[in-house]
Amino acid sequence: MGTVSRGFRGRRRPSAELPPGQYLVEDFPVLSAGPTPTIDLEAWELVITSETDEQRRWDWDGFRSLPSEQVTVDLHCVTHWSKLHTTWEGVSLDTLLEEVETSAGFALISSYGGYTTNLPLEDLTDHKAWIAFGYDGQELEPEHGGPARLLVPHLYLWKSAKWVRGIQLLDQDKPGFWESLGYHNYGDPWQEQRFWGD
Ligand SMILES: Nc1nc2c(c(=O)[nH]1)N[C@H]1C(S)=C(S)[C@@H](COP(=O)(O)O)O[C@H]1N2
Ligand SMILES: [Mo]
């Protein structure tokens with residue numbers, strides 16, 4: 001083999017990091033189905049509603065006083081871009097759900113602005129999901145979901161609802177916005193579950 005320089009790209013990453021049909025991006029694309037909502041932190045709230053209609057509510061100060069974690073994860077969008085090794089700060093859903101009595105199997109996430117998305121509750125637990133308020137050492141920018149968004153990196157990024165406001169725990173699954181429009185109900189990037197029937 002010759003000594004053709006590929007230029008400096010850092011260590012070459014194993015393609016094992018990239019799910020099928022995905023390409024790498026270095027920037028951070030913004031994908032929103034509507035305008036970025038204006039959210040006043042004084043009025044912000046996060047509400048978890050159980051299947052028996054019990055509610056647990058946090059205002060911004062209460063939420064921010066919970067223990068948070070820094071996580072470095074890969075993001076995979078159904079529109080084929082992936083961004084690797086992104087660093088976030090957030091509160092684990094395990095921490096939030098500790099305060100809620102539930103035996104529900106499903107969750108429907110809702111956002112300021114009206115977006116919704118659904119997933120099995122077990123995909124929110126065991127250190128798989130966070131309510132993130134920091135990105136790359138800074139406050140999470142509004143266009144990326146600030147003040148706080150759901151982060152569920154093991155599923156396609158449409159499950160990571162920006163501007164999260166509510167988590168409704170349900171005994172029966174209920175499709176969210178994209179899921180009702182033909183996107184896959186579960187959305188595992190490693191199985192390429194992009195659309196209904198994949
Ligand atoms: N509230 C809300 N959350 C959302 C969306 C949206 O339109 N509204 N788009 C989803 C989609 S399709 C993607 S790919 C990611 C994009 O996140 P980003 O804009 O930070 O890249 O947000 C997800 N969360
Ligand atoms: Mo997306």
Side-chain angles (χ1 to χ4, degrees), residues 17-41 43-49 60 63 70-91 93 96 107-120 123-124 128-168 174-198:
E17 286 183 284
L18 214 49
Q22 297 295 108
Y23 64 87
L24 280 178
V25 296
E26 293 300 329
D27 61 338
F28 192 175
V30 173
L31 280 101
S32 306
T36 296
T38 306
I39 300 164
D40 177 5
L41 283 188
W44 183 91
E45 61 175 10
L46 176 66
V47 185
I48 299 184
T49 306
W60 184 254
F63 168 70
Q70 218 186 57
V71 291
T72 298
V73 296
D74 300 338
L75 309 178
H76 307 297
C77 176
V78 72
T79 63
H80 299 274
W81 59 268
S82 290
K83 184 169 176 61
L84 301 183
H85 311 307
T86 60
T87 301
W88 300 78
E89 181 153 3
V91 176
L93 261 293
L96 296 163
L108 182 66
I109 314 298
S110 57
S111 297
Y112 287 95
Y115 185 83
T116 56
T117 189
N118 61 302
L119 65 182
D123 287 88
L124 291 179
K128 292 195 288 293
W130 296 266
I131 303 291
F133 54 83
Y135 174 75
D136 203 15
Q138 315 270 351
E139 263 175 29
L140 180 59
E141 285 176 39
E143 59 182 3
H144 286 299
R149 80 181 292 171
L150 181 64
L151 178 65
V152 198
H154 71 287
L155 299 177
Y156 280 124
L157 199 56
W158 88 76
K159 300 285 182 179
S160 293
K162 303 196 278 190
W163 316 299
V164 64
R165 177 182 199 164
I167 299 174
Q168 179 152 31
K174 188 172 171 185
F177 177 74
W178 286 119
E179 294 84 2
S180 308
L181 291 170
Y183 281 75
H184 199 277
N185 193 53
Y186 185 60
D188 179 351
W190 298 96
Q191 305 289 326
E192 245 192 310
Q193 295 173 339
R194 297 178 195 277
F195 304 108
W196 190 89
D198 282 350

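As a basis for the values below, the full set of heavy atoms in this structure was taken, side chains included, without hydrogen atoms, waters or symmetry mates. No experiment lies behind these values; they were computed from the predicted model shown. Counting starts at 1 for both ligands and their atoms, following the listed order.
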#### Entry: Identity and distance of the protein heavy atom lying nearest atom 12 (S) of ligand 1
Trp158 CB, 3.5 Å
### Message
Using only atom types and a distance under 3.5 Å, with no angle test, would you say the side chain of Thr116 pairs donor to acceptor with the backbone of Ser110?
### Response
no
### Task
Under 4.0 Å, heavy atoms only, figure out whether ligand 1 is touched by the backbone of Ala33, its side chain, both or neither.
both
### Query
Should you measure from each heavy atom of Trp163, which atoms of ligand 1 turn up under 4.0 Å away?
1 (N), 2 (C), 8 (N)
### Message
For atom 21 (O) of ligand 1, what is the closest protein heavy atom, and at what distance to 0.1 Å?
### Response
Pro29 O, 2.6 Å
#### Entry: Top protein contact for atom 24 (N) of ligand 1, by heavy-atom distance
Ser160 O, 3.1 Å
### Summary
Looking at Lys159, His76, His144, the heavy atom closest to atom 18 (P) of ligand 1 belongs to His144
### Nitrogen or oxygen of Cys77 less than 3.5 angstrom from that of ligand 1
no
### Query
In ligand 1, which numbered atoms sit nearer than 4.0 Å to a non-hydrogen atom of Val30?
19 (O)
### Task
Spell out, as yes or no, whether a donor-acceptor pair under 3.5 Å connects the side chain of Lys174 to the backbone of Asn118.
no
### Summary
atom 16 (C) of ligand 1: closest protein heavy atom, distance to 0.1 Å, is Leu31 O, 3.5 Å
### Message
As an exercise, identify every atom of ligand 1 less than 4.0 angstrom from a heavy atom of Phe28.
### Response
20 (O), 21 (O)
#### Entry: contact_flag Gly145 ligand 1 heavy-atom lt 4.0 Å
no
### Query
What do we get for Tyr135 next to ligand 1 when only non-hydrogen atoms under 4.0 Å count, side chain, backbone, both or neither?
neither
### Task
Give me the one residue out of Tyr183, Tyr186, Trp178 that meets ring pair (Phe, Tyr, Trp, His ring centres under 6.0 Å) with Phe195.
Tyr183
### Query
If we only count heavy atoms from C-beta on, is the Tyr156 to Arg194 side-chain gap below 4.5 Å?
yes
### Query
Near Trp81, which atoms of ligand 1 are under 4.0 Å from a heavy atom of that residue?
21 (O)
### Query
How close does the nearest protein non-hydrogen atom get to atom 22 (O) of ligand 1, and which residue and atom is it?
Arg149 NH2, 3.2 Å
### Query
In terms of side-chain heavy atoms, does Thr72 have a donor or acceptor partner in Thr87 at a distance below 3.5 Å?
yes
### Task
Return the residue, atom name and 0.1 Å-rounded distance of the protein heavy atom closest to atom 3 (N) of ligand 1.
Lys162 N, 2.8 Å
### Closest heavy-atom pair and its distance - Glu26, Lys83
O-NZ, 2.6 Å
### Query
Near Ala161, which atoms of ligand 1 are under 4.0 Å from a heavy atom of that residue?
3 (N), 24 (N)
### Query
Which class fits the ring pair Trp88 and Phe28: parallel under 30°, tilted 30 to 60°, perpendicular over 60°?
perpendicular
### Message
Once you restrict to heavy atoms under 4.0 Å, what part of Tyr156 touches ligand 1? Side chain, backbone, both or neither.
### Response
neither
### Task
Give me the ring orientation class for Trp60 and Phe133: parallel if the planes are under 30° apart, tilted from 30 to 60°, perpendicular past 60°.
perpendicular
### Query
Distance from Leu150 atom CG to Leu155 atom CG, nearest 0.5 Å?
9.5 Å
### Query
Trp158 and Glu179: side chain to side chain donor-acceptor pair (under 3.5 Å), yes or no, with the steps?
CA-CA 9 Å; Trp158 88 76; Glu179 294 84 2; 2.7 Å; yes
### Message
Counting non-hydrogen protein atoms only, what is the nearest one to atom 23 (C) of ligand 1? Give residue, atom name and distance.
### Response
Leu157 O, 3.4 Å
### Query
Got more than 12 heavy atoms from elsewhere within 6.0 Å of CD, Glu45?
yes
#### Entry: Contact atoms of ligand 1, heavy-atom distance to Ser111 under 4.0 Å
1 (N)
### Query
From Gln191 CD over to Asp198 CG, what is the distance, rounded to the nearest 0.5 angstrom?
11.0 Å
